[in-house]
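For reference, the structure is listed below as structure tokens.
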Amino acid sequence: MESLHTNGELVTRTKGTGVDLVFLHGWGMNSGAFTSFLPYLSDNFRVTTIDLPGFGENAGIVPSPYNADSLAQAVVNKLPERCVVVGWSLGGLVAQKVALLAPEKLTGLVTIASTPRFIAGPCWPGIAADLLSMFEAQLEKNYQKTLERFLAIQAMGSETAKQDIKAIREQVTQFPAPAEEALKKGLRMLSTEDMRQDVGRITVPTLRLYGRLDSLVPTSGIDRICELHPQADTVVLPHASHAPFISHPQQTADILFRFMAGIYQQKAS
């Protein structure tokens, strides 16, 4: 049974019973991206999905300024107590901000195909700056085509790339279209946000999950992230790309189960 919650703030959706898991989606997407994955979890957890401001069911809520801090604050206001926040891609950036902003509300943090800094720089593997600039230019002309290209890059490398793209596209189009400003400012966040100096201060138990074939968050950068945040656990799925919960849902769910079990075993002891 799914319940819908809103009180003039962000709309959230909750399903299942048990320990609270909260999911945040990536750029240009919405909570629909998790539709096929959540059944792997909702028999054992109470799963909440939150559309980021400007996206999906929250397309009409666009804070000013629109940045990772304002998005994190909006999310914090809707979090259940003692939850684990799972952020995918751009949602992982917001989730890391949440962990710094309100650690008392979290029992854990999971980032999926995410990083403290998305754009490549000196000694830092990431997305090429000219690729993001190209997306920004294309967005002005045709946002639908831009999203399609971004989807294609996300699935690139996965053995099931075509099916992955089809699944995500079908799932996210069940939700309202994003606000244009959120798309623009979201891309700008991917270009400019840099949390490398901050992630070492995250105190909640953290799992960082990657796909070895991911071209947006390349595995060549994982060692650097480990140096910045050595307390985090790291798992790399060898045959996954940028959306492992779509291409490898059972493996992703199993990894989450193990992480959650570890957190609560520690608390019990």
Side-chain angles (χ1 to χ4, degrees), residues 4-14 20 22-34 48-81 83-106 109-119 126-127 132 135-136 139-140 143 146-147 150 172 175-204 206 216-217 229:
L4 183 72
H5 308 282
T6 179
N7 58 358
E9 298 175 353
L10 296 184
V11 173
T12 68
R13 287 180 177 270
T14 302
D20 280 295
V22 178
F23 279 80
L24 306 177
H25 59 84
W27 179 82
M29 305 287 117
N30 53 52
S31 297
F34 302 117
T48 297
T49 53
I50 304 178
D51 286 332
L52 294 175
F55 293 94
E57 292 179 308
N58 294 315
I61 301 172
V62 183
S64 181
Y66 191 97
N67 54 34
D69 292 297
S70 63
L71 299 196
Q73 185 60 67
V75 167
V76 165
N77 294 338
K78 299 298 290 184
L79 289 180
E81 296 296 327
C83 65
V84 172
V85 173
V86 183
W88 170 45
S89 196
L90 176 65
L93 199 62
V94 176
Q96 291 172 88
K97 290 276 186 184
V98 167
L100 289 166
L101 188 63
E104 71 285 352
K105 295 199 83 167
L106 304 190
L109 165 70
V110 179
T111 66
I112 299 177
S114 196
T115 169
R117 172 184 157 123
F118 278 90
I119 200 160
I127 307 172
L132 280 177
F135 275 123
E136 287 184 29
L139 199 57
E140 296 286 342
Y143 97 83
T146 306
L147 288 181
F150 200 68
V172 301
F175 285 65
E180 194 174 322
E181 187 181 354
L183 287 170
K184 287 180 183 174
K185 298 280 177 65
L187 266 186
R188 180 57 44 186
M189 280 165 54
L190 292 177
S191 299
T192 59
E193 191 66 46
D194 189 348
M195 291 189 65
R196 288 178 296 176
Q197 302 304 311
D198 303 317
V199 291
R201 295 190 290 107
I202 294 174
T203 55
V204 299
T206 302
L216 295 173
V217 182
H229 192 193

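Position 1 is the first residue of the sequence, and the numbers go up from there. Being a predicted model, the structure only gives us computed values, none of them experimental. Computation of the quantities below employed the complete heavy-atom set of this structure, encompassing side-chain atoms and omitting hydrogens, waters and symmetry-equivalent molecules.
With a 4.5 Å cut-off on side-chain heavy atoms, Leu52 and Val75 count as touching. Contact annotation: the side chain of Pro176 approaches that of Glu57 to within less than 4.5 Å [non-hydrogen atoms, C-beta and beyond]. Residues Pro63 and Leu71 meet the side-chain proximity criterion, which asks for heavy atoms closer than 4.5 Å.
Checked against side chain to side chain contact (heavy atoms under 4.5 Å, CB included), Ala59 has no partners two or more places apart in sequence or in another chain. Shown here are the side chain to side chain contact (heavy atoms under 4.5 Å, CB included) partners of Asn30, two or more places apart in sequence or in another chain: Asp51, Val172, Phe175. Residues satisfying the ring pair (Phe, Tyr, Trp, His ring centres under 6.0 Å) test with Phe118, not counting sequence neighbours, are none. For Ala99, the side chain to side chain contact (heavy atoms under 4.5 Å, CB included) partners are Leu106, Leu109, Ile202, Val204, not counting sequence neighbours. Under the salt bridge (charged side-chain N to carboxylate O under 4.0 Å, His left out) criterion, Glu140 pairs with Lys184, not counting sequence neighbours. Residues passing the side chain to side chain donor-acceptor pair (under 3.5 Å) test with Ser191 are Glu136, sequence neighbours excluded. With sequence neighbours left out, the side chain to side chain contact (heavy atoms under 4.5 Å, CB included) criterion links Lys185 to Tyr66, Glu181. When the side chain to side chain donor-acceptor pair (under 3.5 Å) test is applied to Ser70, the partners found at least two apart in sequence or on another chain are Asn67.
A pairwise comparison of heavy atoms in Lys78 and Leu10 identifies CE-O, 3.0 Å as the closest pair. Closest non-hydrogen pair, His229 versus Val199, comes out as CD2-O, 3.4 Å. Listed here is the closest heavy atom pair of Ala95 and Val85: CB-CG1, 3.7 Å. Counting all heavy atoms, side chain and backbone alike, Val62 lies closest to Ala179 at CG2-CB, 3.9 Å. Residue Pro103 comes nearest to Leu100 through the heavy atom pair CD-O, 3.6 Å, listed as atom of the first residue, atom of the second, then distance.
Here Thr14 contributes atom OG1 and Asp20 contributes atom CG; the two are 7.5 Å apart, rounded to the nearest 0.5 Å. For the atom pair CG (Leu139) and OG1 (Thr146), the distance works out to 5.0 Å, reported to the nearest 0.5 Å. Atom-to-atom distance recorded for Gln73:CD and Leu101:CG is 5.0 Å, nearest 0.5 angstrom.
Atom CD of Gln197 sits in a sparse spot, with 12 or fewer heavy atoms from other residues, nucleotides or ligands closer than 6.0 Å.
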Atom pairs and distances, side-chain donor-acceptor, residues 86-93, under 3.5 Å, sequence neighbours left out:
{"unit_1": "Trp88", "atom_1": "NE1", "unit_2": "His242", "atom_2": "O", "d": "2.8"}
{"unit_1": "Ser89", "atom_1": "OG", "unit_2": "His242", "atom_2": "NE2", "d": "2.9"}

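Evaluation of the salt bridge (charged side-chain N to carboxylate O under 4.0 Å, His left out) test over residues 58-69, restricted to residues two or more places apart or in two chains, returns Asp69-Lys97.
Using a 30° and 60° split on the angle between ring planes, Phe135 and Trp27 fall in the tilted class, from 30° to 60°.
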Inset, instruction - Go through the steps for His25 and Phe34 under the test side chain to side chain contact (heavy atoms under 4.5 Å, CB included), then give the verdict. - result: CA-CA 8 Å; His25 59 84; Phe34 302 117; 3.9 Å; yes
Legend entry - Evaluation steps, side chain to side chain contact (heavy atoms under 4.5 Å, CB included), between Leu183 and Leu147: CA-CA 10 Å; Leu183 287 170; Leu147 288 181; 4.2 Å; yes
Legend entry - Lys105 vs Glu81, side chain to side chain contact (heavy atoms under 4.5 Å, CB included): CA-CA, chis, key distance, verdict: CA-CA 5 Å; Lys105 295 199 83 167; Glu81 296 296 327; 3.4 Å; yes
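Screening Thr12, Ile50, Val110 for a side-chain contact (heavy atoms from CB on, under 4.5 Å) with Val22, the sole residue that qualifies is Ile50.
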